[in-house]
Every structure is written in C-alpha cells, then in structure tokens.
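Take a look at the structure set out below.
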2 protein chains.
Amino acid sequence: MTETQWHEELRAKGYRVTPQRQLVLEAVKDLEHATPEEICVKVRETARGVNISTVYRTLELLEELGMVTHTHLGHGAPTYHLAAEADHVHLVCRGCGEVSEVRPEMAEGLVNGLDAEMGFAADVHHLTVFGRCRNCR
Amino acid sequence: MTETQWHEELRAKGYRVTPQRQLVLEAVKDLEHATPEEICVKVRETARGVNISTVYRTLELLEELGMVTHTHLGHGAPTYHLAAEADHVHLVCRGCGEVSEVRPEMAEGLVNGLDAEMGFAADVHHLTVFGRCRNCR
DNA sequence: GTCTGTGCAAAATCTTTGCATTCGA
DNA sequence: TCGAATGCAAAGATTTTGCACAGAC
C-alpha cells in the first residue's frame with residue numbers, strides 16, 4: 001500500500017491524516033516487533049510531545065484498518081508490526097528470550113488440519129510458539 | 001501426582017504446605033483456564049481473606065514446580081491450568097471469543113519441522129492459535 | 001467553521017513488593 | 001523456636017477514558 005493509498009483510505013472512512021498517525025505507522029515499519037512504549041519513544045525523536053495515549057489510539061485504528069497486527073511475545077506489552085510484513089510465525093525461546101521468525105509454511109499442517117477438522121480459520125500471522133532454542137534446550 | 005507426593009516435593013525443596021497453596025492448586029484443577037482473579041474468588045469460597053497477592057505468589061511457585069502452566073488467551077490476564085491436563089492446543093476465536101482445545105498431534109508437523117530445521121523445541125502445551133471458528137468466519 | 005484528533009491528567013487493570021505478623025515444621 | 005508464608009497497603013506497569021483545546025479538511 002502506497003502512502004497516498006492509505007491517506008485516501010483514511011479519508012474515505014472519515015478519519016483524518018495527521019502527523020502523529022503517519023509517524024506511528026512509520027515507527028511500526030522501522031522498529032519491527034515494537035511495544036507501544038518503544039513506538040512512542042521513536043515517534044518522539046521526530047515530533048516532541050506526542051502522547052502515549054495517542055500511540056495507543058493510533059495503533060488501535062491502524063489495526064482496525066488492517067495495516068498493523070500485534071502479537072504477545074511474553075508477559076508484558078504486546079508488540080506491533082506491519083500486517084504486510086507479518087508473513088511469519090514467531091518463535092520465543094524461554095531460555096534466552098530471543099525472538100525469531102520462521103516461514104509460515106511451517107505451520108501449514110496445523111492450519112490445514114484445523115480447517116479440515118473443525119472449520120477453524122487459523123491466523124498464522126498471529127501465531128507465537130514458545131519453547132527452547134538450540135542453545136538453550 | 002498424588003497429594004502426598006507434592007506435599008513431600010514442597011517440603012523437600014524447603015517450601016511449606018499451607019492451606020492457601022492447597023486451595024489455589026485445587027481451584028486451578030477445578031476451574032480450568034482460570035485467571036488469577038477467578039482463582040482468588042474460588043479460593044475465597046472456602047477460606048475467607050485469602051489475598052490476591054498470595055494467589056499470584058502461589059501460582060508462580062506452582063509454575064516453577066511444573067505443576068501448572070499458563071497461556072495468554074487474549075489481551076487481559078493469563079489463564080492457568082494444571083500442567084498434567086495441559087495436553088492440548090488452545091484455539092481462540094476472534095469473532096465470538098470462544099476458547100476450545102484440540103489434540104496436540106494437530107501441531108506435530110510444526111513441532112517436528114521446527115526441531116528438524118532449527119533445533120527449536122516447541123512447547124506445544126503453551127500454544128494458542130488465534131483465528132475464526134466455523135460460525136464466525 | 002465543523003468536528004475529529006490530541007495532550008493531559010486521572011482512572012482502571014493487572015501485578016509486584018515491603019514489611020509486620022502469623023503459622024508450619 | 002525459626003524462618004517461610006501471608007495479609008495488607010502501597011507502588012509499578014500497562015492501558016483506557018474524560019475533557020478542553022488544537023488542527024485537518
């Protein structure tokens with residue numbers, strides 16, 4: 001999606017294009033797997049005074065528009081990333097805490113099985129697998 | 001694990017057997033997928049005055065001992081269940097919010113693939129798949 | 001000019017912590 | 001008795017909300 005496209009999509013739905021919204025989207029794009037707090041810090045590098053509640057409200061909006069998604073990578077705050085770049089499954093190591101990504105095809109069997117057996121449409125982009133990595137097992 | 005066994009395990013590690021600990025474990029067993037808050041309410045049905053912080057501390061202890069595990073079934077509080085009965089994968093529907101369970105073998109391909117490809121030992125008991133159920137897709 | 005979006009502060013949730021007291025072993 | 005466990009209250013962390021003002025269109 002180009003910048004112009006989503007500006008138009010915002011306006012078409014009665015939303016406004018604001019610097020804050022552009023900066024938050026930019027930060028999500030740049031940071032990858034960032035928490036609302038981290039996004040807020042990043043945004044403030046460019047525009048001072050942007051409030052954390054604006055970040056939360058913007059992320060909610062962007063998620064509703066399908067532009068970003070979030071995942072729970074642990075106990076604390078969720079992490080956000082571009083929906084367009086979310087084509088992967090998250091792996092979180094309980095030993096070292098490292099987060100890695102693998103091709104979504106790894107989960108193909110699971111996704112197909114759930115669909116066939118119970119008509120459940122799994123969202124593989126939101127999938128996080130906990131476990132232990134090679135070094136920590 | 002019998003009641004006597006885990007009493008001994010607690011003592012062996014220098015922990016004490018208290019009514020609160022027994023009640024919390026009992027509540028986790030009975031409720032299935034309960035939040036700390038729900039567990040606290042349940043425990044208070046039997047013993048009045050049990051504090052929420054005791055519930056948190058006890059859940060932490062029981063998890064450390066490997067008796068219970070927790071899963072994030074949504075944005076809010078995590079849910080706890082007996083480790084011995086955790087032999088399933090969680091499915092959460094984004095439409096109706098319903099939580100269901102499926103056999104862990106559904107994820108066998110994913111688990112084997114992650115192991116073979118990158119030596120990652122996936123903890124299938126902690127796996128939660130988000131998506132849409134038959135009625136909501 | 002209109003009405004949405006923002007900043008700010010306060011509240012709401014969820015969880016942890018310090019400390020005096022209680023109670024298991 | 002001795003020290004771990006608890007209750008209580010306060011603090012932390014994260015997220016949401018109400019409201020007046022600023023700013024997009």
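Convention: sequence-line order gives letters A, B, ...; per-chain numbering from 1.
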Revision key, fill the gap. Between the CD atom in A:Glu98 and the SG atom in A:Cys96, the distance rounded to the nearest 0.5 Å is 5.0 Å
Exercise for review: Starting from P on C:dT6, measure out to CG on A:Leu23 and report it in whole angstrom.
Suggested key: 11 Å
Practice item. Specify the residue among B:Arg57 and B:Arg16 whose closest nucleotide of DNA chain C lies further upstream toward the 5′ end. Key: B:Arg57
Review point. Which whole-number value in Å describes the distance from B:Leu59 CG to C:dC14 C1'?
Key: 13 Å
Review point. Where the side chain of B:Ser53 is concerned, which of C:dT16, C:dC8, C:dG5 is the nearest nucleotide?
Key: C:dT16
Review point. Between B:His70 and B:Tyr80, how do the two ring planes meet: parallel, tilted or perpendicular, split at 30° and 60°?
Key: tilted
Practice item. I would like to know whether A:Leu10 and A:Arg16 meet side-chain contact (heavy atoms from CB on, under 4.5 Å); could you show each step before the answer? Key: CA-CA 6 Å; A:Leu10 278 179; A:Arg16 291 177 182 174; over 6 Å; no
Check your understanding: Which dot-bracket string fits DNA chain D when only Watson-Crick or G-U wobble pairs with both atom distances under 3.5 Å count, crossing pairs get [ ], and | stands for a partner on a different strand?
Key -> |||||||||||||||||||||||||
Review point. Is the shortest side-chain N/O distance from B:Gln20 to OP1 or OP2 of C:dC23 below 4.0 Å?
Key: no
Point to revise | Integer-rounded Å distance: C:dT17 P and B:Tyr56 OH | key: 13 Å
Point to revise | Atom-to-atom span, CD of B:Gln22 to P of C:dG24 - whole angstrom | key: 10 Å
Point to revise | Whole angstrom value for the distance that separates P of C:dA11 from CG of A:Asn51 | key: 16 Å
Check your understanding: Whole-Å distance between C:dC14 C1' and A:His72 NE2?
Key -> 14 Å
Point to revise | Set of residues satisfying side chain to side chain contact (heavy atoms under 4.5 Å, CB included) with respect to B:Gln20, sequence neighbours excluded | key: B:Thr18, B:Val50, B:Thr54
Point to revise | Range on DNA chain D touched by chain A - first to last nucleotide, heavy-atom distance under 4.0 Å | key: D:dT14 to D:dC25
Revision key, fill the gap. Assert: residue with more 5' nearest nucleotide on DNA chain C, out of B:Pro78 and B:Tyr15, is B:Pro78
Point to revise | Inter- and intrachain pairs under salt bridge (Lys or Arg N to Asp or Glu O under 4.0 Å), touching residues 59-80 of chain A, at least two apart | key: none
Exercise for review: Rounded to the nearest angstrom, tell me the gap between atom CG in B:Leu10 and atom P in C:dC23.
Suggested key: 19 Å
Review point. Checking side-chain contact (heavy atoms from CB on, under 4.5 Å) for the pair A:Val89/A:Met106: CA distance, chi angles, key distance, verdict?
Key: CA-CA 8 Å; A:Val89 171; A:Met106 297 291 286; 5.7 Å; no
Exercise for review: Could you check how far CG of A:Leu61 sits from C1' of C:dT4, rounded to whole Å?
Suggested key: 11 Å
Revision key, fill the gap. Rounded to the nearest 0.5 Å, the CD atom of B:Glu26 sits from the CG atom of B:Leu23 at a distance of 7.5 Å
Check your understanding: If you look only at pairs with a residue in residues 98-123 of chain A, which of them pass as a ring pair (Phe, Tyr, Trp, His ring centres under 6.0 Å), with sequence neighbours excluded?
Key -> none
Exercise for review: Keeping to residues at least two apart or across chains, list the ring pair (Phe, Tyr, Trp, His ring centres under 6.0 Å) pairs with something in residues 28-57 of chain B.
Suggested key: B:His33-B:His81, B:His33-B:His88, B:His33-B:His90
